[in-house]
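Fair warning: this is a prediction, and the values are worked out from it, not measured in the lab. All chains are named by letter (A, B, ...) in the order of the sequence lines, taking the proteins before the strands, and each is independently numbered beginning at 1.
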Amino acid sequence: MLDRDYDPKDIEQKWYAIWLEKNYFHAQEHDDSRPPYTIVIPPPNVTGVLHMGHALNNTLQDIMIRYKRMDGFNALWMPGTDHAGIATQNVVEKALAEKGISRHDLGRDAFIDEVWKWREKHGGLIISQLKRLGASCDWDRIRFTMDDGLSNAVRKVFVALYQDGLIYRSDYIVNWCPRCHSALSDLEVEHEEEDGYLWHIRYPLADGSGEVVVATTRPETMLGDTAVAVNPTDERYKAMIGKDLILPVMNRRIPIIADALVDKEFGTGAVKVTPAHDLNDYEMSLRHGLEVIVIIDESGNMNANAGPYNGLDRFECRKRLETDLQDQGFLVDKTHYRVPVGKCYRCKTTIEPYLSKQWFVKTRSLADEAVKAVQEGRTRIIPRNWEKVYYEWMNNIRDWCISRQIWWGHRIPAWYCDECEEVIVSETEPAGCSKCKSRTLRQETDVLDTWFSSGLWPFSTMGWPEHTETLKRFYPTDVLITGFDILFFWVARMMMLGLRFMNDVPFRDVYLHALVRDEQGQKMSKSKGNIVDPIVEMDKYGADAFRFALTAFAAMGRDVRISDKRIQGYRFFINKIWNAGKFVLANIQGFDPRSMALDTAKLGLAEKWILFELNKAVREARKALDEYRYNDVADILYQFTWHTFCDWYIELSKSMLNTDGAQYTRWVLHYVMKSILELLHPIIPFVTEEVWQCLPGRESESIVIASYPKERPEFVFTEDAELMSYIIEVISGVRSIRGETGISPSVMLDVVIRVPESKLQSLIGAHSVHIKDLARVAQVKFINHDGERPKKCALAVTKGLEVYVPLEGVVDIDKETERLTKQMGKVKKELEEKNKKLNNPNFVEKAKREVVEEQLKIKEGLEFELQSLQKAYSLLLG
RNA sequence: AGGCACGUAGCUCAGGGGGAGAGCACCACCUUGACGCGGUGGGGGUCCAGGGUUCAAAUCCCUGCGUGCCUACCA
């Protein structure tokens, strides 16, 4: 029996433990009887703490997995975590720093040991939080990107790409974080605009014949200038091309070169060229054979090449240099300017473009395949508008810098020979140099970008490169559900690597959901202090209410604004389900649905109607689920459960339970309640299980493995549903009169219904018990079309019926006159609009016939309503 | 600089070429035996502005304003 109130906490814990114990989430490799359905989790960082984004993402995945599991699929949800190179290293470094230890004190191996220890202790947090949410992952298969198996896959892929010539090592200007001491990929740089300056600096010609003024936002880089570039067509500078300038302060001779990249319109039209610290300049230096002078070191300090500024921080150097330039008369101007600045996505330090040797993946050919796969529809991106974004990025893709100068991660499987400088790339440590046989080899110290290993996730987690049963059965996955913010980071890379190594797309569908923001639509961040903590919400309202809220918010392609108030609103919904369950259970005591053969002919009208409505809800909910319209699923089921089942059917059933047909009412109460629980289970797994377990006639031991409701052709009671809608309208009409004229609910009323045809009259008459019951009516009388309308009555008009409520002795008739006047005004206005439309020959001629007919019908309805209201009005006064 | 969304009831948002919707909030009434975390009834909107297409536009197109996000090597 169910308790008085629903208390989520214990029930959630209880059921999750049972589900695990019963192994319901486990997918079978060796099951040919059911089709597979696969999702791989976007692996959260091991350092992660569950945030709203995770909560949304995993709720949506859990909905799909639970739905498909119930619907007869061999459902696999592959879980795991990501080692998250820089993020994790930062966290562990910070923890060590509190003890006054730096990673350099420990050395590489000891530090990595520390990270593993950290993971051992704290890495399980996010997993336990996912369990709290109710995630039905196959936990036996949990993977970590640094596991032996996955690390092996990483090395295999690296070597294969290297042998294909798709991985190369090269000098390049990379995004360098002077704080993390590592290169970053283009995607790991966040671009912001800051208030800065544009400096104009005078560079005199070496022959004393004049000068060139250059404009720059980073004056300190001039110390490494090796040229000044102008546009070849620029008349102002044409004569100077090829001449030398004297670089101020450094007193070095640098040439004036011509390059089409220079924009004549910007600044002075002359650009200083610093090949070691700017990507464009570096590329220019390659075109023109310029010298490359590095002046900033990897910590962001000036080095010996910066002459007098050696050892200064880059920003300090800027200040000193400005003073010096001014003193020496080289500074022409300094104006305010909005400067685009790149920041490290982890620590927000300003990025330094930095010349260094890095490893790259040649992406062009891989990207082409990834584009083709989507164009051919082998993978669908949902919502569709992201396809364009995907193509755009893939078509403009640049090579992917995959080396990181940190310690935590997959160490690049390359060795350098000290003797002959040969580079050996191999899955296992080579015994000696393949060229000179030397034994003195040094392994590359760099590790791989985290996304390199997560790019393999859909197949590495299934045991690749082994040809496992899991891979055979579950790859490619059915859908990837993830936030659009990692479309490039992750989805794009999985596409490229999946196609290259599995010869097939990694997923059939990619569903990209929006970001979760706060109530004002702001991105949540610690600094803003607007973080909403999922755990706190679940403590307050329970996991189910929280999940339902997220689902209801997840409209396709729109940001999710979380609101505590609405989570609370759905908490009330959970309670409503609980109470509906209580009602049903109390009224079907001792009833066993299996002991009764259902004869649909014997069902009552209300029973047929609710089964008809249930069919509709099932159909619509399934369709919405199949199309990833989560908010629609939530809405459809909310509406059906609360406003159709609870508000109407349960109320209707109350009187039926005392009649001869009570067995049928019990059967229907049980059946619909059970269906509702099953329909809702993917969204709100806990309450639904708790209530479901109390119902008799379960055909499985848990709702987790019960079958998802299907539409039933024998429940298509179209005519009965139509008749029921008349009755519902009558009840609503009477209630409305009551409410608006202020008739107390305790006063029993009589009603007179004027019906256009006698057949309908007898049909409604046969079920007038519902009207009596729900509208609190003592007597229902009928009059036909010719009959005289009763006097001094309130009137409700609906669906061609006139519902009269005699008012004499019940209420002041002024209120009803007022109400009728208002109602007539409304109807008149609508009718005018309808007439205008229907009197327009263009409309009648050009609009579709169904539309015209429909409009005509509405018009007739309105006319009827108006007439009835007018008559009632006069009868009221007379 | 380009691109993509979005501007609908007080709030949060659905909808999307033919009678303006939901939840919350608001007002009135209700100790009806599942539920006051409830029930019934009700008020409330030039669907951002302007133009165009159409018989018909909140919905499609263009322009503007506003907001948010993404991408980018303009020093």
Exercise answer: donor-acceptor pairs, residues 821-837 of chain A side-chain atoms, under 3.5 Å, sequence neighbours excluded:
from     : atom 1 : to       : atom 2 : distance (Å)
A:Thr821 : OG1    : A:Thr817 : O      : 2.6
A:Lys834 : NZ     : A:Gln855 : OE1    : 2.7
A:Asn835 : ND2    : A:Leu831 : O      : 3.4

Legend entry - Interface with RNA chain B, restricted to residues 846-854 of chain A and to heavy atoms under 4.0 Å: A:Lys846, A:Ala847, A:Lys848, A:Val851
Legend entry - N or O in side chain of A:His191 less than 4.0 angstrom from B:A1 OP1/OP2: no
Inset, instruction - To the nearest Å, give me how far apart CG (A:Leu512) and P (B:C4) are. - result: 17 Å
Legend entry - Phosphate OP1/OP2 of B:G3 contacted by A:Trp386 side-chain N/O (<4.0 Å): no
Inset, instruction - Using a heavy-atom cut-off of under 4.0 Å over every strand shown, decide if A:Val389 touches base, sugar-phosphate, or nothing. - result: nothing
Inset, instruction - Using the C1' atom on both, measure B:A58 against B:C47 and round to a whole Å. - result: 4 Å
Legend entry - B:U71: pairing nucleotide in any strand, Watson-Crick or G-U under 3.5 angstrom: B:A1
Legend entry - Strand-adjacent residues in residues 214-233 of chain A, judged by heavy atoms under 4.0 Å from RNA chain B: A:Ala215, A:Thr216, A:Thr217
Inset, instruction - State whether A:Arg384 and A:Glu387 are salt-bridged, where the test is any N-O pair (Lys NZ or Arg NE/NH1/NH2 against Asp/Glu carboxylate O) under 4.0 Å. - result: yes
Legend entry - C1' atoms of B:C4 and B:C37, separation to the nearest Å: 41 Å
Inset, instruction - Looking only at side-chain atoms of A:Trp642, point me to the closest of B:G39, B:G23, B:C37. - result: B:G39
Legend entry - Considering all heavy atoms, the nearest A:Phe640-A:Ala617 contact: CG-CB, 3.9 Å
Legend entry - Whole-Å gap separating C1' (B:U12) and CD1 (A:Ile567): 12 Å
Legend entry - B:G42 phosphate, OP1 or OP2, under 4.0 Å from A:Ser736 side-chain N/O: yes
Inset, instruction - May I ask you to say whether A:Asp281 pairs ionically with A:Lys272, meaning some side-chain N is under 4.0 Å from a carboxylate O? - result: no
Inset, instruction - Check every strand shown and say whether A:Asp263 touches a base, only sugar-phosphate, or nothing at a heavy-atom separation below 4.0 Å. - result: base
Inset, instruction - Run the ring-centre check on A:Tyr570 versus A:Tyr638 and record whether the distance is less than 6.0 Å. - result: yes
Legend entry - Separation between the P atoms of B:A25 and B:C11, rounded to whole Å: 15 Å
Inset, instruction - Give a yes or no on whether a salt bridge exists between A:Glu816 and A:Arg819, defined as a side-chain N under 4.0 angstrom from a carboxylate O. - result: yes
Inset, instruction - Provide, to the nearest angstrom, the distance between the OH atom belonging to A:Tyr638 and the P atom belonging to B:C37. - result: 15 Å
Inset, instruction - Between B:G23 and B:G66, how far apart are the C1' atoms? Round to whole Å, please. - result: 27 Å
Legend entry - Sugar-phosphate only, base, or nothing, as touched by A:Tyr541 at under 4.0 Å among non-hydrogen atoms: nothing
Inset, instruction - Take atom P in B:C26 and the same atom in B:G10, then report the distance between them in whole Å. - result: 15 Å
Legend entry - Pairwise C1' distance for B:C24 and B:A9, with rounding to whole Å: 12 Å
Inset, instruction - May I ask you to verify if any side-chain N or O of A:Gln855 is less than 4.0 angstrom from the OP1 or OP2 atom of B:G19? - result: yes
Inset, instruction - Remember a base hit wins even if backbone is also touched, and classify A:His643 as base, sugar-phosphate or nothing at under 4.0 Å, heavy atoms. - result: sugar-phosphate
Legend entry - Protein-to-nucleotide contact annotation, 5' to 3' order, nucleotides 25-34 of chain B [B base; S sugar-phosphate only; - none; under 4.0 Å, heavy atom]: ----SS---B
Inset, instruction - Determine the contact category for A:Trp199: base if any of its heavy atoms lies under 4.0 Å from a base atom, sugar-phosphate if only primed atoms, P, OP1 or OP2 are that close, otherwise nothing. - result: nothing
Inset, instruction - Scan A:Tyr511, A:Phe553, A:Phe548 and name whichever one has a ring pair (Phe, Tyr, Trp, His ring centres under 6.0 Å) with A:Tyr630. - result: A:Tyr511
Inset, instruction - Take atom CG of A:Leu261 and atom P of B:C73, then tell me their distance rounded to the nearest Å. - result: 12 Å
Inset, instruction - Take atom C1' in B:U31 and the same atom in B:G39, then report the distance between them in whole Å. - result: 12 Å
Legend entry - Whole-Å gap separating C1' (B:A20) and NZ (A:Lys829): 11 Å
Legend entry - Protein-nucleotide distance (A:His277, atom NE2; B:C73, atom C1'), rounded to Å: 17 Å
Inset, instruction - Please measure how far the P atom in B:G50 lies from the corresponding atom in B:A57, and state the result in whole Å. - result: 14 Å
Legend entry - Pairing partner (Watson-Crick or G-U wobble, both distances under 3.5 angstrom) of B:G43: none
Inset, instruction - Sorted by first residue and then second, give each salt bridge (charged side-chain N to carboxylate O under 4.0 Å, His left out) pair with at least one member in residues 638-657 of chain A; sequence neighbours left out. - result: A:Glu651-A:Lys654
Inset, instruction - Please indicate whether A:His643 has more than 12 foreign heavy atoms, meaning atoms of other residues, nucleotides or ligands, lying under 6.0 Å from its NE2. - result: yes
Legend entry - Heavy-atom donor-acceptor pair, A:Glu740 side-chain to B:G41 base, under 3.5 Å: no
Legend entry - Nucleotide forming a Watson-Crick or wobble pair with B:G66, both distances under 3.5 Å: B:C6
Inset, instruction - For A:Pro841, report the nucleic acid contact type (base, sugar-phosphate, nothing); a contact means any heavy atom under 4.0 Å. - result: nothing
Legend entry - Among B:G19, B:C4, B:A75, the nucleotide that comes nearest once only the side chain of A:Leu862 is considered: B:G19
Inset, instruction - Check every strand shown and say whether A:Arg398 touches a base, only sugar-phosphate, or nothing at a heavy-atom separation below 4.0 Å. - result: sugar-phosphate
Legend entry - Contact summary for A:Gly483 and A:Leu512, nearest pair of heavy atoms: O-CD2, 3.9 Å
Inset, instruction - In whole angstrom, give the distance that lies between atom CZ of A:Arg566 and atom P of B:C24. - result: 10 Å
Legend entry - Spacing of A:Arg738 atom CZ relative to B:G41 atom C1', expressed in whole Å: 11 Å
Legend entry - Who pairs with B:G21 - Watson-Crick or G-U, where each distance is under 3.5 Å: B:C13
Legend entry - Evaluation steps, side-chain contact (heavy atoms from CB on, under 4.5 Å), between A:Phe591 and A:Leu585: CA-CA 9 Å; A:Phe591 172 77; A:Leu585 284 170; over 6 Å; no
Inset, instruction - Indicate yes or no: does A:Asp564 engage A:Lys540 in a salt bridge with an N to O separation below 4.0 Å. - result: yes
Inset, instruction - State plainly whether the residues A:Arg287 and A:Glu283 are in salt-bridge range, i.e. N to O under 4.0 Å. - result: no
Inset, instruction - Kindly say if A:Arg735 contacts the phosphate of B:G39, meaning a side-chain N or O under 4.0 Å from OP1 or OP2. - result: no
Legend entry - Toward the 5' end of RNA chain B, by each residue's nearest nucleotide, A:Asp278 or A:Tyr570: A:Tyr570
Inset, instruction - Identify whether any heavy atom of A:Leu279 sits under 4.0 Å from a base atom; if not, whether one sits that close to sugar-phosphate; answer base, sugar-phosphate or nothing. - result: nothing
Inset, instruction - Could you check A:Ile257 against A:Leu290 for side-chain contact (heavy atoms from CB on, under 4.5 Å), going step by step and ending with a plain yes or no? - result: CA-CA 10 Å; A:Ile257 58 169; A:Leu290 299 175; 4.1 Å; yes
Inset, instruction - Answer yes when A:Arg629 and A:Glu627 have at least one side-chain N-carboxylate O distance shorter than 4.0 Å, and no when they do not. - result: yes
Legend entry - Set of residues satisfying side chain to side chain donor-acceptor pair (under 3.5 Å) with respect to A:Tyr203, sequence neighbours excluded: A:Asp225
Legend entry - Residue met sooner reading RNA chain B from 5', once A:Phe488 and A:Lys837 are mapped to nucleotides: A:Lys837
